[in-house]
Structures are given as structure tokens and as C-alpha cells.
Novice: 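Here it is, the structure in full.
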Amino acid sequence: MAKKKNNVYLVETAPGQMKKFTNWPDCQAFVKGKPYRFAGGVDEAEARAKISGGAPAKQAKSSKGGWSGGGKATSDKPKNNYYLVEIEPDQYKTFTRWSDCQSFLKGKKLPYAGGVTEEEAKAKIERTRDMQLKYRDREPQGGGKKGAAVGSRPSEGICSDAGTHGNPGPCEYQVCDLKGKRLAYKHLGVHTNNYAELAGIEAMIEVAVTRGETILWTDSQIAMGWIKSGRLGPTVKEPEAIMVFVRSIQALLKKHPNLELKKWHTKQWGEIPADFGRKG
RNA sequence: ACAU
DNA sequence: CGATGT
Ligand SMILES: [Mn+2]
Ligand SMILES: [Mn+2]
């Protein structure tokens with residue numbers, strides 16, 4: 001199979017209104033948690049066709065199947081045959097062509113969804129109505145008050161961090177207490193930054209177990225995500241080795257339920273004490 | 001965009 | 001400025 005690379009990503013922010021992205025991360029970040037339709041394609045026409053062809057407004061959360069094998073933003077979805085617009089509670093207008101639905105929707109802020117059957121579309125509206133209404137009005141504003149507040153600098157626990165010379169490059173990790181005292185250190189050979197962060201977390205857990213520590217800090221959103229989800233994206237280097245670390249860490253955390261792996265908020269608290277101090 |  | 005990742 002020839003690899004057709006997606007070059008363009010379109011997001012339908014409002015009926016008929018497309019936002020264009022030329023890279024997947026930007027598109028993904030924008031669409032995250034929102035009910036927008038989106039699709040990728042070799043060119044804009046292909047992406048648009050996919051959206052119009054009935055790519056369902058799936059939650060950008062995660063596509064559980066085939067994600068690791070692919071590298072494609074869109075996958076085989078059944079074609080939508082019905083498009084419902086919720087005019088009033090429990091009253092729907094039905095369309096059989098997306099373009100008609102789109103015209104009707106123009107300038108309105110009504111919940112809508114497509115589905116292979118009317119029942120499916122109706123159910124989808126039910127599931128996504130809140131988010132649709134919430135985001136429909138809010139496009140101009142960038143400020144959303146989300147996420148737990150970040151408190152003050154922690155005083156409890158231990159931390160790990162990675163250091164590299166080039167990325168990928170010769171790398172190392174260290175585990176420290178919150179005053180910066182080194183508790184463990186290792187050279188790792190040539191790997192990526194995220195590989196080293198992950199290796200450091202595993203070492204940090206071992207240290208925590210032997211020392212009776214329970215709060216474990218890392219600044220790596222990526223490593224934390226791998227551990228929590230148990231899954232890697234299609235672009236990850238050394239995926240087999242990474243997954244060995246991931247499963248090992250998951251097993252350790254399961255075996256020691258008292259351990260808490262937490263995100264170190266560098267912006268608020270300054271560099272994590274295990275940092276190698278090479279950025280400046 | 002976010003985290004490195 | 002470059003790279004690793006969601
Ligand atoms: Mn780090
Ligand atoms: Mn660091």
C-alpha cells in the first residue's frame with residue numbers, strides 16, 4: 001500500500017466555515033474536546049470531501065483502534081445518511097444531504113449531528129449537545145477557565161529529570177529530592193529526550209520504594225501520558241523499548257498503590273530540582 | 001496549542 | 001535555531 005500522507009487538515013468550526021491547518025498537532029490541539037467535524041487529506045479538496053461525505057463529528061479524545069499502525073488522521077468511517085438538527089427540545093429537522101443541512105444551519109446555533117441512521121444521529125446530538133452549545137458562541141474568545149488550579153511549590157516527594165546532548169543524543173537521567181540532592185543517576189546511550197524521561201521515572205519509582213517516598217514528580221507530560229494511556233502515537237521512536245518501560249512502570253504503580261506520579265509545573269514553580277541546567 |  | 005511528543 002502506498003503511503004498517502006495527509007498534508008492538509010480542515011476543521012468545520014461552523015456550518016460552511018473551514019479552518020485550515022497544515023500540520024496535525026495544531027489541528028488536533030484546536031479540535032480537542034470540541035464537537036467539530038474534521039478531516040485530513042492530501043489536498044484541501046480531499047479533506048473537504050471527507051467532511052462533506054459524512055465524517056462524523058467524533059470526539060477528538062482518542063481513536064482507540066489502529067492508531068498505532070496508521071499515521072492517517074482519518075480512518076474508514078461508515079457514510080452518514082441522515083443529518084438531524086435539533087430545532088427545539090425533542091423536535092428535529094432531518095436532512096439526507098450534508099450540504100442541505102449546512103445551508104439550513106447557516107448562521108444558527110443549533111445542535112446537529114449526522115449518522116448512518118436517524119437514531120444514531122439523534123443519539124449523537126444527545127451526547128454532544130452540551131459541548132456544541134458551549135463552543136458555538138465562544139470562537140472569538142481564547143480564554144477558557146479549565147483545569148485545576150496550580151498550588152504553591154511542593155515540599156514533599158522526589159523527582160526525576162532527563163538530560164541529553166542533542167535529541168536524539170547521548171542522554172542520562174537523575175533522581176533527586178526536592179532540595180536537589182542526587183539519589184540516582186544513569187547514562188543511557190543515544191535515545192530521545194522522552195525515552196530518558198521515562199527511564200528516569202522508572203528509576204525514581206525504585207528509589208521511592210526503597211526510601212519509603214510516596215510522591216513522585218516529573219515535568220514530562222509525554223511520559224505521564226504514555227504511562228496513563230498505555231499507548232503510543234505512530235511517530236514515537238523506539239516504540240518497543242518505550243513500551244517495555246511503560247509496562248514496567250504501570251506494574252510498579254499497581255504493585256505500590258501508595259505511589260503518586262505527579263506533574264511538576266515548571267512555569268509556576270521553576271525548574272524541577274532534578275534538572276540538569278542546560279537550558280540557558 | 002501544550003509539555004519537554 | 002533544531003528535535004521529541006500529544
Ligand atoms: Mn524534563
Ligand atoms: Mn530539565
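Just so we're clear, the structure is a prediction, and the values are computed from it rather than from any experiment. Chain letters run A, B, ... following the sequence lines, proteins first, then strands; residues in each count from 1.
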Novice: Can A:Lys20 be said to sit on top of A:Tyr9's aromatic six-ring, NZ or CZ under 6.0 Å from centre and within 45° of the ring axis?
Specialist: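 Pair A:Lys20/A:Tyr9 does not count as cation-pi.
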Novice: Give, ordered by number, those residues of residues 181-199 of chain A having at least one heavy-atom distance below 4.0 Å to an atom of DNA chain C; if nothing qualifies, reply none.
Specialist: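 Only A:Thr192, A:Asn193, A:Asn194 qualify.
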Novice: Hey, does A:Thr266 reach any base, or is it just sugar-phosphate, or nothing, if we go heavy atoms under 4.0 Å?
Specialist: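 Sugar-phosphate contact only - A:Thr266 comes under 4.0 Å of backbone atoms but never of a base.
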Novice: With a sphere of 6.0 Å drawn around NZ of A:Lys108, does it hold more than 12 non-hydrogen atoms of other residues, nucleotides or ligands?
Specialist: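 Yes, because the 6.0 Å sphere around NZ of A:Lys108 holds more than 12 heavy atoms from other groups.
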Novice: Tell me the interatomic distance from A:Glu238, atom CD, to C:dG5, atom C1', rounded to whole angstroms.
Specialist: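 One finds 14 Å between C1' of C:dG5 and CD of A:Glu238, rounded.
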Novice: Taking any heavy-atom pair under 4.0 Å as a contact, classify A:Lys267: base, sugar-phosphate, or nothing.
Specialist: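 Sugar-phosphate: the residue A:Lys267, judged by heavy atoms under 4.0 Å, touches backbone atoms but no base.
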Novice: In this structure, how many angstroms lie between the C1' atom of C:dG5 and the CG atom of A:Leu232, rounded?
Specialist: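 Whole-Å distance recorded here is 10 Å.
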Novice: Please write out which residues are connected to A:Val116 in a hydrophobic cluster, directly or through intermediates, given that two of Ile, Leu, Val, Met, Phe, Trp, Tyr count as joined at side-chain heavy-atom separations below 4.5 angstrom.
Specialist: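 Once heavy-atom contacts under 4.5 Å are chained together, A:Val116 still belongs with nothing else.
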Novice: Linking Ile, Leu, Val, Met, Phe, Trp and Tyr by side-chain heavy atoms under 4.5 Å, what else ends up with A:Trp264?
Specialist: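 Reading the cluster by chain and number, A:Trp264 sits alongside A:Val150, A:Leu178, A:Ile215, A:Trp217, A:Trp269, A:Ile272.
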Novice: Could you tell me from which nucleotide to which nucleotide of RNA chain B, 5' to 3', there is an atom under 4.0 Å from chain A heavy atoms?
Specialist: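 Contact boundaries, 5' end first: B:A1 to B:U4.
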Novice: Of all the base pairs, Watson-Crick or G-U under 3.5 Å, which form stems of three or more consecutive pairs involving RNA chain B?
Specialist: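 Expected stems, ordered by start: B:1-4 with C:3-6.
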Novice: For atom CZ of A:Arg182, decide whether the heavy atoms of other residues, nucleotides or ligands shown that lie under 6.0 angstrom number more than 12.
Specialist: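 Counting other residues, nucleotides and ligands, CZ of A:Arg182 exceeds 12 neighbours.
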Novice: Distance check: side-chain N/O of A:Trp226 vs OP1/OP2 of C:dG5, anything under 4.0 Å?
Specialist: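 Result: no.
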Novice: Quick one, which residues of residues 165-174 of chain A touch DNA chain C with a heavy atom under 4.0 Å?
Specialist: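 The stretch gives A:Asn167, A:Pro168 as the residues lying under 4.0 Å from the strand, ordered by number.
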